[in-house]
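We're numbering straight along the sequence, starting at 1. First listed ligand is number 1; within each ligand, the first listed atom is number 1.
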Amino acid sequence: MLIIETKNYKEMSKRAASLISDIINDKPDAVIGFATGKTPLGLYKELVDLNKKKKIDFSKVTSFNLDEYYPIKKNDMNSYYTYMHKNLFDKINIKKQNINLLNGETKKPKEECSSYEKKLRKNKIDIQILGLGVNGHIGFNEPGSEFNSKTRLVKLSPETIEINKKKLNDRSEIPWNALSMGIKSIMSAKKIILLASGKNKARAIKELIEGKIRSDYPATFLKKHKDLIVIIDKEAGSLLRK
Ligand code: F6R
């Protein structure tokens with residue numbers, strides 16, 4: 001595991017963007033795994049900027065997203081479909097047909113997940129971007145998720161539901177379930193970068209870096225990955241042993 005501590009959120013986002021642009025510049029048809037949430041918003045701004053300045057070309061890139069609420073309409077303002085289009089896809093030159101998102105509208109979640117998993121097997125992810133839940137979740141692999149888990153329908157933990165309520169816009173009823181890539185699907189990526197920023201992530205980062213591998217803290221499974229880069233800011237790293 002390589003740990004990069006940056007001074008603040010902006011620097012963390014810039015470091016992540018330069019890593020991703022190196023990968024795409026080396027391999028224009030790279031497969032990128034994207035995450036949602038607050039953490040990667042700065043990174044997505046940087047990527048949009050680099051694309052505008054013609055420093056990255058997304059025209060041959062394929063994308064996969066980690067997760068989606070379930071059930072949810074694509075055009076719901078809180079869907080990850082909306083999030084990704086608003087914050088990234090509509091602003092860069094990625095081709096619509098190269099975008100892969102789990103379909104929160106499906107009536108057949110099992111089939112949706114297994115066909116996503118098949119697509120993932122055919123298109124190995126070159127770099128997977130991850131955020132980190134305060135309870136150690138990655139994607140929506142909540143505490144208790146197994147190392148061998150694949151893309152599936154999951155129940156969100158009460159803690160995640162509470163946190164998400166604050167993140168969601170204008171919604172009285174929030175989704176209790178999600179479709180999520182599993183730990184095994186995430187671990188199959190060639191390279192993983194996990195981003196964390198702010199004091200509220202300090203405990204989770206300490207567990208990830210110094211804690212034992214265990215399923216009640218799913219992010220610790222990442223320690224088994226041979227090419228994991230953790231990019232944090234000072235606040236997220238504030239509880240680490242020096
Ligand atoms: C999002 C996702 C989640 C978030 C995590 C952190 O696609 O899978 O695991 O990365 O909940 O969210 P933020 O960045 O909002 O703190």
Side-chain angles (χ1 to χ4, degrees), residues 8-10 12-13 16 32-46 63-70 72 76 78-89 99-104 113 116 120 125 127-145 149-169 171 174-187 189 192-205 207-208 217-222 228-233 235-237:
N8 54 32
Y9 179 76
K10 190 160 179 81
M12 178 198 78
S13 307
I32 315 278
F34 288 106
T36 58
K38 279 189 181 169
T39 312
L41 285 172
L43 159 64
Y44 296 160
K45 272 207 173 114
E46 296 290 335
S63 78
F64 281 88
N65 257 80
L66 268 177
D67 43 18
E68 176 61 284
Y69 288 117
Y70 186 77
I72 198 162
D76 188 302
N78 292 307
S79 75
Y80 287 167
Y81 180 96
T82 299
Y83 170 107
M84 285 309 298
H85 283 81
K86 193 173 110 203
N87 295 303
L88 190 66
F89 297 151
I99 296 173
N100 295 284
L101 278 149
L102 283 152
N103 177 10
C113 292
Y116 203 73
L120 280 169
I125 292 179
I127 184 161
Q128 174 67 54
I129 301 158
L130 293 178
L132 175 64
V134 289
N135 64 354
H137 73 213
I138 47 171
F140 276 133
N141 294 285
E142 297 283 30
S145 297
S149 53
K150 294 189 182 158
T151 307
R152 68 206 185 288
L153 176 63
V154 294
K155 206 173 165 50
L156 302 181
S157 72
E159 195 177 6
T160 298
I161 290 169
E162 270 320 297
I163 293 171
N164 288 358
K165 260 190 202 165
K166 290 184 199 132
K167 285 193 225 165
L168 297 179
N169 305 307
R171 192 184 176 106
I174 69 148
W176 286 67
N177 300 297
L179 306 174
S180 177
M181 278 168 58
I183 303 286
K184 193 168 182 190
S185 347
I186 293 171
M187 292 292 285
I192 298 178
I193 50 169
L194 180 139
L195 308 179
S197 156
K199 273 215 169 83
N200 66 328
K201 296 290 169 75
R203 171 68 43 202
I205 280 294
E207 285 287 349
L208 164 63
Y217 210 85
T220 56
F221 286 132
L222 296 173
L228 168 67
I229 303 179
V230 176
I231 311 180
I232 54 177
D233 63 6
E235 288 189 344

Give me the pairs of N or O atoms, one from ligand 1 and one from the protein, that sit under 3.5 Å apart.
residue	atom	partner	partner atom	Å
ligand 1	7 (O)	T36	N	2.9
ligand 1	7 (O)	T36	OG1	2.7
ligand 1	7 (O)	D67	OD1	2.7
ligand 1	7 (O)	D67	OD2	3.4
ligand 1	8 (O)	D67	OD2	2.5
ligand 1	8 (O)	G139	O	3.4
ligand 1	9 (O)	H137	NE2	3.4
ligand 1	9 (O)	G139	N	3.4
ligand 1	9 (O)	G139	O	2.7
ligand 1	11 (O)	H137	NE2	2.7
ligand 1	12 (O)	K167	NZ	3.2
ligand 1	14 (O)	K38	N	3.3
ligand 1	14 (O)	T39	N	2.9
ligand 1	14 (O)	T39	OG1	2.4
ligand 1	15 (O)	K38	N	2.8
ligand 1	15 (O)	K167	NZ	2.8
ligand 1	16 (O)	K201	NZ	2.6

Query raised in the report: Using the ring of each side chain (for Trp, its six-membered ring), is Y83 parallel, tilted or perpendicular to Y44, with breaks at 30° and 60°?
Result: perpendicular
Query - Check against side-chain contact (heavy atoms from CB on, under 4.5 Å), I138 and Q128 - result: CA-CA 11 Å; I138 47 171; Q128 174 67 54; over 6 Å; no
Requested in this report: May I ask you to test the L132-T39 pair for a side-chain heavy-atom distance under 4.5 Å?
Outcome: no
Query - Qualifying residues under salt bridge (Lys or Arg N to Asp or Glu O under 4.0 Å), relative to E235, sequence neighbours excluded - result: none
Query raised in the report: Run the side-chain contact (heavy atoms from CB on, under 4.5 Å) check on I99 and M84 step by step: do they pass?
Result: CA-CA 10 Å; I99 296 173; M84 285 309 298; over 6 Å; no
Report task. Please check if any side-chain donor atom of Y69 sits under 3.5 Å from a side-chain acceptor atom of N164, or the reverse. Result -> yes
